Number of protein chains: 2
Amino acid sequence: MPETRLRLRLHFGPASMFGPGRADLLEAIAEHGSISAAGRKTGMSYRRAWSLVEALNSGFKTPLVDSSRGGSAGGGARLTETGIAVLAHFRNLEAILAKAGAQDIEALQSLAVDMHDGK
Amino acid sequence: MPETRLRLRLHFGPASMFGPGRADLLEAIAEHGSISAAGRKTGMSYRRAWSLVEALNSGFKTPLVDSSRGGSAGGGARLTETGIAVLAHFRNLEAILAKAGAQDIEALQSLAVDMHDGK
DNA sequence: TTACGACATGTTCGGGCGAACATATCGATA
DNA sequence: TATCGATATGTTCGCCCGAACATGTCGTAA
């Protein structure tokens, strides 16, 4: 069975949203301790990764990422408690959907054309 | 509390996907019996509505929309059994997510900036 | 005090997608 | 057989967003 990707996205106001891309970025930042490393890991330019971090930090009441400059390592970034919480809630929503919606997802998948055959 | 919109999107192969926009369109077609009326209802041009219908029909093993031309009414469109099923499964997934994920959604919402205040 | 690595920020360019506009076609009914 | 409303399809335009490129800034350790 081919993979069916689920994309979940939450829209709070007009200037605040959260989806898979930002979740992956937060996860990579938590893992590597830097925005640039996270950018490389997730295949996006540092420019874009930083822009997303900025959007995330201004899109929530409390910043999600805490960054620092200078030092022997050049600087770094870590998730704040809020960042950890947001990521956890989002991943949990994905898990809930995948589990509780398995029936419907499988049904839809069986109706859709899969990528291998002509149709 | 401001509304938090949930957007769920399923990606089957590279040429087959289903999300809120197409779901709304299908729903409007079912309700009005024509692509053009559905387009007006959902606020999209007929051109776009028709394009989406074409994408939907070719994105599933069986067409989701059955259309006909001519006649006194000019023509019309109806959902096929598959179309009805796809729409139902999608709406069900949305409902499942909203219900089972209520806790997480509310938590995220409380952390995000809402659209009314400065921050 | 120099060097290094990451943060921070501006600018330009190109591609993809929807909007808008323009036609052509069909067929039951009056 | 003329009409009418909806399907069917092509084409052009403008905008937004990410990609790519460029440059400046910071602070600790060597």
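Here is how names work: the chains are called A, B, and so on, in the same order as the sequence lines, proteins then strands, and each is numbered from 1. All figures in this text were calculated on a predicted structure; none of them were measured in a lab.
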I need the CD-C1' distance between A:Glu54 and C:dG10, as an integer number of Å. 12 Å
Any chance you could measure B:Leu10, atom CG, to B:Arg22, atom CZ, to the nearest 0.5 Å? 11.5 Å
Can you tell if the side chain of A:Phe18 reaches within under 4.5 Å of the side chain of B:Leu108, non-hydrogen atoms only? no
Hey, what do you get for OG (A:Ser34) to NZ (A:Lys41), rounding to the nearest 0.5 Å? 11.5 Å
Expressed as a whole number of angstroms, how long is the span from B:Asp66:CG to D:dT7:C1'? 12 Å
CZ of B:Arg78: more than 12 outside heavy atoms within 6.0 angstrom? no
Please work out if B:Ser51 contacts a base, only the sugar-phosphate, or nothing of the nucleic acid, heavy-atom cut-off 4.0 Å. nothing
Figure out the CZ/P separation between B:Arg40 and D:dG5, and round it to whole Å. 11 Å
The side chain of A:Ser72 is closest to which nucleotide in this list: D:dA29, D:dA8, C:dA8? D:dA29
Roughly how many Å is it from CG in A:Leu25 to C1' in D:dG18, rounded to a whole number? 14 Å
Could you please name the option among C:dA8, D:dA6, D:dA19 that lies closest to any side-chain atom of B:Ser36? D:dA6
Distance in angstrom units between B:Arg48 CZ and D:dG14 P, rounded: 20 Å
Look at A:Ser45 and D:dG18 and indicate whether a side-chain polar atom (N or O) is within less than 4.0 Å of OP1 or OP2. no
Distance, rounded to the nearest Å, where B:Tyr46 contributes OH and D:dG10 contributes C1': 13 Å
What nucleotide among D:dT11, D:dT7, C:dT9 has an atom nearest to a side-chain atom of A:Arg47? C:dT9
Using a distance-only criterion (donor-acceptor N/O pair, under 3.5 Å, no hydrogens), is the base of C:dG5 paired with the side chain of A:Arg69? no
I want to confirm an ordering. Mapping A:Gly74 and B:Leu52 to their closest nucleotides on DNA chain C, which one lands closer to the 5' end? A:Gly74
Of B:Ala77 and A:Ala73, whose nearest nucleotide on DNA chain D comes first from the 5' end? B:Ala77
To the nearest Å, give me how far apart NE2 (B:His32) and C1' (D:dG5) are. 16 Å
Nearest to side-chain heavy atoms of A:Ile35, which nucleotide of D:dT7, C:dC21, C:dC7: C:dC7
Please report, rounded to the nearest Å, how far the P atom of C:dC7 is from the CG atom of A:Asn57. 13 Å
Interatomic distance, B:Met17 atom CE to B:Leu56 atom CG [nearest 0.5 angstrom]: 10.5 Å
Of the options D:dA6, D:dT9, D:dG18, whose atoms approach the side-chain atoms of B:Trp50 most closely? D:dT9
Report yes if a side-chain nitrogen or oxygen of B:Ser68 is closer than 4.0 Å to either non-bridging phosphate oxygen (OP1 or OP2) of C:dG27; otherwise report no. no
